[in-house]
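Side-chain atoms are counted along with the backbone in the values below, which use heavy atoms only and exclude waters and symmetry mates. Below, read A as the first sequence line, B as the second, and so on, with proteins coming before strands; counting in each chain starts at 1. Keep in mind that what you see is a predicted model, and the values were worked out from it rather than measured.
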There are 2 protein chains.
Amino acid sequence: MKPKVSAKDVARHVGVSVATVSNVINNVNKKVSEETRQRVLKAIEELHYQPDFTARSLAKGKSNLLGVLLPITQAGDDESLLLKDNPFYAELLSGIEFEAGQRGYDVIITGIRPEQSLKDWVRKRNMDGVIFLGITPEPFLNELKALHIPVVLMDSHPKQGDCHSIGHDDFLAGKLACQYLMARGHQVIGFLSGGIQTSPVNLKRYEGYQEALKEAGLTSRPNLVLEDSVSFEGGYRMGLRIAQEYEKSRKGESVTALFCAADIVAFGAIKALREKRIKVPEEISVVGFDNLKTCDYLIPGLTTVDQGIYHKGVLAAGILVDDIEGKLEACRHIQLPVRIVERDSVCPPREK
Amino acid sequence: MKPKVSAKDVARHVGVSVATVSNVINNVNKKVSEETRQRVLKAIEELHYQPDFTARSLAKGKSNLLGVLLPITQAGDDESLLLKDNPFYAELLSGIEFEAGQRGYDVIITGIRPEQSLKDWVRKRNMDGVIFLGITPEPFLNELKALHIPVVLMDSHPKQGDCHSIGHDDFLAGKLACQYLMARGHQVIGFLSGGIQTSPVNLKRYEGYQEALKEAGLTSRPNLVLEDSVSFEGGYRMGLRIAQEYEKSRKGESVTALFCAADIVAFGAIKALREKRIKVPEEISVVGFDNLKTCDYLIPGLTTVDQGIYHKGVLAAGILVDDIEGKLEACRHIQLPVRIVERDSVCPPREK
DNA sequence: TTGTAGGCGTTATCAT
DNA sequence: ATGATAACGCCTACAA
């Protein structure tokens, strides 16, 4: 176990002080003569010196660590990261990691666990900033603000206060999806999502969906607006209920299309419909939301609302680092554009 | 920006020395009288004191940080984590995070990027141990060994030397999958995977597949053994080639089943087959490998070889922490059991 | 331009 | 049982 080489070793090797070594590393090129600078650099190379971030963190009060907070499965379960159940988080995390790496930061992840104080997690590692994925519990957020650490909220209500937020115009997106369906002749359109009142994102999408119907002189049917958990299983359960509605409805009055506020929900719903022998898209068309890679895997491919997940992750990390490094004046509230990605889960309605 | 409370503050508040505070925190209950112990604990509570892991790392030479190294997309691409393309890594990472959290460690992730020295990444943060997901580049591995840090290799060749490894008996698994297909009447079975010679895992599965055929008195056809990247796209390309073979083969001699060495490959292959109007499973049955959640999303559901991904992650983190804490005598090489999970992508072959 | 010295928050050693 | 104090490796005034 050879002891790791420290700045002191480098200093001794060159015949200068540790301060000089430190200056070479930090002060881009001020304060140190070009000659000694080169000698120090050479020694660093030769000795394979690598500054210790732990010590540096302590001295500078800056860790170059970005905390990413991931939602976990609802209680009752084994309490694992939702990361494993919804590809959405993996894509996002991937984008975050990429940008963070580019800018010299490391990413550390954890689940948003209720019992444990999140603030402590952030404090004990002196994290420079954190990114919340998914819904952020209000109390945690307040804890964080007290720490005066840059925070980026993904997909939450824009008005969450003095943190950055990045999402999209969910109202518009919901409207867009619904209009897409109507443009293809659908009039009876169901809406499937997670809790509408508990999630501003779902609410906005719901309102957009409602608005689109209204503008077209249509109304939504309460029994076609379903809420359950944002998961495959939730989607499956809702799909089953839709299947029931479909079966018992009369000719010309049945659902012909579904707008699901998350791809993962659409996956579950489609599975349920198909098990009930209802054809997608021939009998019921489906539009999802997210544009996960998985949409391509399904047959038929899922037509959905793209929100550039990966890029969103990149952006989030970028903003966070910008703020950390003092390059930002005020809080940024970004609304990313969305667009419909057409695949094969939508077709014109057919008489029952 | 209130300055964070340190051990010194606690000490002053109680009227003892920092050493005593430290002792209360670390030495379970030795060396400190029960009375002062309680007083210190009370102060910690009142002041919301939280030990600083950064400082602790420096002093103890232990960071309580676990590094997880994730493969990245092949060069040429935007060089992002494979995490975003294959749900496999998300499930694994989720398991790792869970167990790490339970045992008081934090997880820090990064892509295995060629240019950057991995060793430096590990050293600069004083990581206590690392877990490699996917294929591990040999040079990196050697760099790591020189650091004398516990390493867990996932799904690599068991003989990688003095690191822990965790995988399964891929030979048996391959054989199992192939036998499953043969038991349902298939005789002409294709094999789709990533590089067979470049990945011991694929090689073993391939050999198992060969062995099963051989034992049944069958032989594999070279034009049905395909290699491409382990990705949806790779699977898609191979599926296209299989479709070609299928079309040009004569009655009674065509492929009737495929064994894909990864679910993600199976997804791509199925997509290609279906686009070429070949029905799965009626015309070609498919067996995958991994048992990703996504297998359930597809229609038909993908019959596959389950390898308990999440649990594997939990185990990996467990072993790593055990080693870090000196609870392990020697290197552990674990072979997890596998089993077939039946869904709907396999049925008896049908005459063309 | 370079070196000295104090400090970042903890732990560990050794007195008391 | 408790307290001083020296590390840990680095940064940053300030002094030379």
Salt bridge flag under 4.0 Å for residues [X] and [Y]:
| X | Y | result |
| --- | --- | --- |
| B:Arg332 | B:Asp323 | no |
| B:Arg37 | B:Glu34 | yes |
| B:Asp52 | B:Lys4 | yes |

Between the main-chain N or O of B:Val14 and the side-chain N or O of B:Arg39, is there a donor-acceptor pair closer than 3.5 Å? yes
If you look at every strand shown and take non-hydrogen atoms under 4.0 Å, does A:Ser22 touch a base, only sugar-phosphate, or nothing? base
What does A:Val16 touch in the nucleic acid at a heavy-atom separation under 4.0 angstrom: a base, only the sugar-phosphate, or nothing? sugar-phosphate
Spacing of [X] atom [atom1] and [Y] atom [atom2] [to the nearest 0.5 Å]:
| X | Y | atom1 | atom2 | answer |
| --- | --- | --- | --- | --- |
| A:Leu65 | B:Phe53 | CG | CZ | 12.5 Å |
| B:Lys124 | A:Ser57 | NZ | OG | 10.5 Å |
| A:Ser94 | B:Ile109 | OG | CD1 | 8.0 Å |
| A:Arg125 | A:Asp120 | CZ | CG | 12.5 Å |

[N] [atom2] sits how many Å from [X] [atom1], rounded?
| X | N | atom1 | atom2 | result |
| --- | --- | --- | --- | --- |
| B:Ile44 | C:dG9 | CD1 | P | 16 Å |
| A:Asn126 | C:dT10 | CG | C1' | 12 Å |
| B:Asn23 | C:dA12 | CG | P | 9 Å |
| A:Glu34 | C:dT2 | CD | C1' | 16 Å |
| A:Lys8 | C:dT4 | NZ | P | 13 Å |

Interface limits on DNA chain D, where chain B has a heavy atom under 4.0 Å of a nucleotide atom: D:dA1 to D:dG9
Between B:Val18 and B:Ser33, which has a closest nucleotide on DNA chain D that is more 5'?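 Of the two residues, B:Ser33 wins.
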For DNA chain D, whose closest nucleotide is more 5', that of B:Ala19 or that of A:Gln50? B:Ala19
Taking five pairs at each end, how big is the angle between the two axes of the helix from C:dT1-D:dA16 to C:dT16-D:dA1, to 10°?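 Computed angle between terminal axes is 40°.
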Would you jot down, in residue-number order, the residues of residues 53-64 of chain A having a non-hydrogen atom under 4.0 Å from DNA chain D?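 Residues of residues 53-64 of chain A under 4.0 Å from DNA chain D: A:Ala55, A:Arg56, A:Ala59, A:Lys60.
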Student check: side-chain heavy atoms of A:Phe132 and A:Leu144 closer than 4.5 Å: yes
Between B:Thr54 and A:Asn126, does a side-chain hydrogen bond (donor to acceptor under 3.5 Å, both in side chains) hold up when you go through it step by step? CA-CA 7 Å; B:Thr54 307; A:Asn126 290 318; 3.2 Å; yes
Pair B:Val321, B:Leu66 - check side chain to side chain contact (heavy atoms under 4.5 Å, CB included), show working. CA-CA 9 Å; B:Val321 172; B:Leu66 264 33; 4.1 Å; yes
